[in-house]
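Worksheet for the structure shown next.
Positions are given from 1, in the same order as the sequence printed here.
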Amino acid sequence: LTRNRDNTNTEIPDDTSYLRPLKRLFIILLSCGIAILLSSTSLFLLQAISLSSELGMDISTTFTILSSTPVGPVWNIRVITSLIIIASSIIYYIFEKRSFIKKGQTGLESNDSSYSPSLKKTGKRGDVLSNGLLYTIVLAGAVSIFSNSMVSHNTALSFLPSLAISIDWLHFIAVSIWLGGLFYISSILLMTIRLSIRKSGNIDGTANKSLNINTVRDTSHFLALLLPYFSLIATISLGIIGVTGLYMAWIHLHTAEAVFTSSYGNILTIKLLLILPMVILG
């Protein structure tokens, strides 16, 4: 919303309404990558310690044994994907910050930076690199989610376990798209819009009664385009969640009575009761 907005010829682009949300996005991505790395490693070590106490072996031996089981490759996948997320997040933040500062300096030196051929060419390359890093983070996250499906209860099924694993992965990908989109809109996008509107008020950043009507119009138009677009994505995600959820419930419960008589069914009921208000609010 802010990066591609034309800047005036006499001042550096608004660092408040872009760099602050960029920093917040970077912190979120970095924190998630570190959380995946620490939690997966801790879980693997706890399994090694538990196996060591059961078999009466040292931890290094049980660590080697676990590494030869499906748990080992899953741990490797989680570590690799988390490191990719961390590295891509750092590179993305550094590149975006430097590009923003360079664009501001060019705006001060040029009479019309918006129409500078060299700046436009550099900007296109920069957008490709930035988007590539973000897509890399998304892909690494998707692979990390697949590692969870690889060790889920679906792997123990006798009827088409590969299909069950794929359905489980697709289920949680849809959940991530839905909840991740809501989280991004609430924590990053709305912050960017709020800062943009505030910047159009007083010099100190506080709002006043004579806000720049163009800024308010642009942000309102942006939201009017975004929300229906995201609503379509959320609706498709909810449809996928419903279909895949019914399939997994069927292969694990088999009967309707099992919803009330099994722990899996009870947890499923609680989850549905929590999701229903979210769907209604959405």
The complete set of side chain to side chain donor-acceptor pair (under 3.5 Å) pairs with one or both residues in residues 228-248, sequence neighbours excluded, reads His171-Thr244
Membership question, hydrophobic clusters at under 4.5 Å side-chain separation (ILVMFWY): are Leu226 and Leu179 in the same one?
yes
From Ile86 atom CD1 to Ser31 atom OG, the distance as rounded to the nearest 0.5 Å:
9.5 Å
How about Asn148 and Asp168: do any of their side-chain heavy atoms sit closer than 4.5 Å?
no
Are Phe183 and Ile185 co-members of a hydrophobic cluster defined by side-chain heavy atoms under 4.5 Å apart?
yes
Tell me, with the steps shown, if Ser147 and Thr81 meet side-chain contact (heavy atoms from CB on, under 4.5 Å).
CA-CA 10 Å; Ser147 69; Thr81 53; over 6 Å; no
Donor-acceptor under 3.5 Å (Ser52 side chain, Ala48 main chain):
no
Hey, what do you get for CG (Leu133) to CD1 (Ile94), rounding to the nearest 0.5 Å?
11.0 Å
Treating Ile, Leu, Val, Met, Phe, Trp and Tyr as nodes and any side-chain heavy-atom pair under 4.5 angstrom as an edge, say whether Leu38 and Ile80 lie in one connected cluster.
no
If we only count heavy atoms from C-beta on, is the Ile28 to Tyr184 side-chain gap below 4.5 Å?
no
Can you tell me if Ser50 uses its side chain to pair, donor with acceptor, with the backbone of Leu46 under 3.5 Å?
no
Proximity of Phe44 and Phe63 rings by center, below 6.0 Å
yes
Quick test of your reading: applying side chain to side chain donor-acceptor pair (under 3.5 Å), list the pairs with at least one residue in residues 61-71, sequence neighbours left out, ordered by first then second residue.
Asp58-Thr61
Decide yes or no on side-chain contact (heavy atoms from CB on, under 4.5 Å) for Val279 and Trp178, but give the supporting numbers first.
CA-CA 10 Å; Val279 175; Trp178 176 37; 4.1 Å; yes
Check Phe172 against Ile145 and note the closest heavy-atom contact, atom names and distance.
CB-CG2, 3.8 Å
Residue from Thr41, Ile77, Ile34, Leu37 passing side chain to side chain contact (heavy atoms under 4.5 Å, CB included) with Ser82:
Leu37
Show your working on side-chain contact (heavy atoms from CB on, under 4.5 Å) between Phe230 and Leu182 and close with a plain yes or no.
CA-CA 9 Å; Phe230 178 74; Leu182 291 174; 3.6 Å; yes
Value for OH (Tyr92) from CG (Leu134), rounded to nearest 0.5 Å, stands at 4.5 Å
Say whether Ile236 and Ile233 are linked into one hydrophobic cluster, either directly or through other cluster members, by side-chain heavy-atom distances under 4.5 angstrom.
no
May I ask you to test the Pro70-Met150 pair for a side-chain heavy-atom distance under 4.5 Å?
no
Is the closest side-chain heavy-atom distance between Leu66 and Trp75 below 4.5 Å?
no
Is there a continuous path of hydrophobic side-chain contacts, each under 4.5 Å between heavy atoms, that joins Leu51 to Val71?
yes
Sidechain-backbone polar pair: Trp250 side chain, Gly245 backbone, donor-acceptor under 3.5 Å:
no
Can you name the closest pair of heavy atoms from Gly33 and Ile85 and give their distance?
CA-CG2, 4.0 Å
Within the 4.5 Å heavy-atom criterion, are Ile165 and Phe146 side-chain neighbours or not?
yes
Could you measure the distance from the NE2 atom of His221 to the CG atom of Leu225? Nearest 0.5 Å is fine.
4.0 Å
Rounded to the nearest 0.5 Å, what separates atom CG in Leu223 from atom CD1 in Ile193?
3.5 Å
Considering all heavy atoms, the nearest Met57-Ile65 contact:
SD-CD1, 3.9 Å
In this structure, CZ of Phe26 is separated from NZ of Lys23 (nearest 0.5 Å) by 9.5 Å
What do the steps show when you test Arg78 against Leu43 for side-chain contact (heavy atoms from CB on, under 4.5 Å), and what is the final call?
CA-CA 11 Å; Arg78 291 172 179 171; Leu43 181 61; 4.0 Å; yes
Side-chain donor/acceptor of Arg24 to backbone N/O of Ser187, under 3.5 Å
yes
Shortest non-hydrogen contact from Ala35 toward Ser39:
O-OG, 2.7 Å
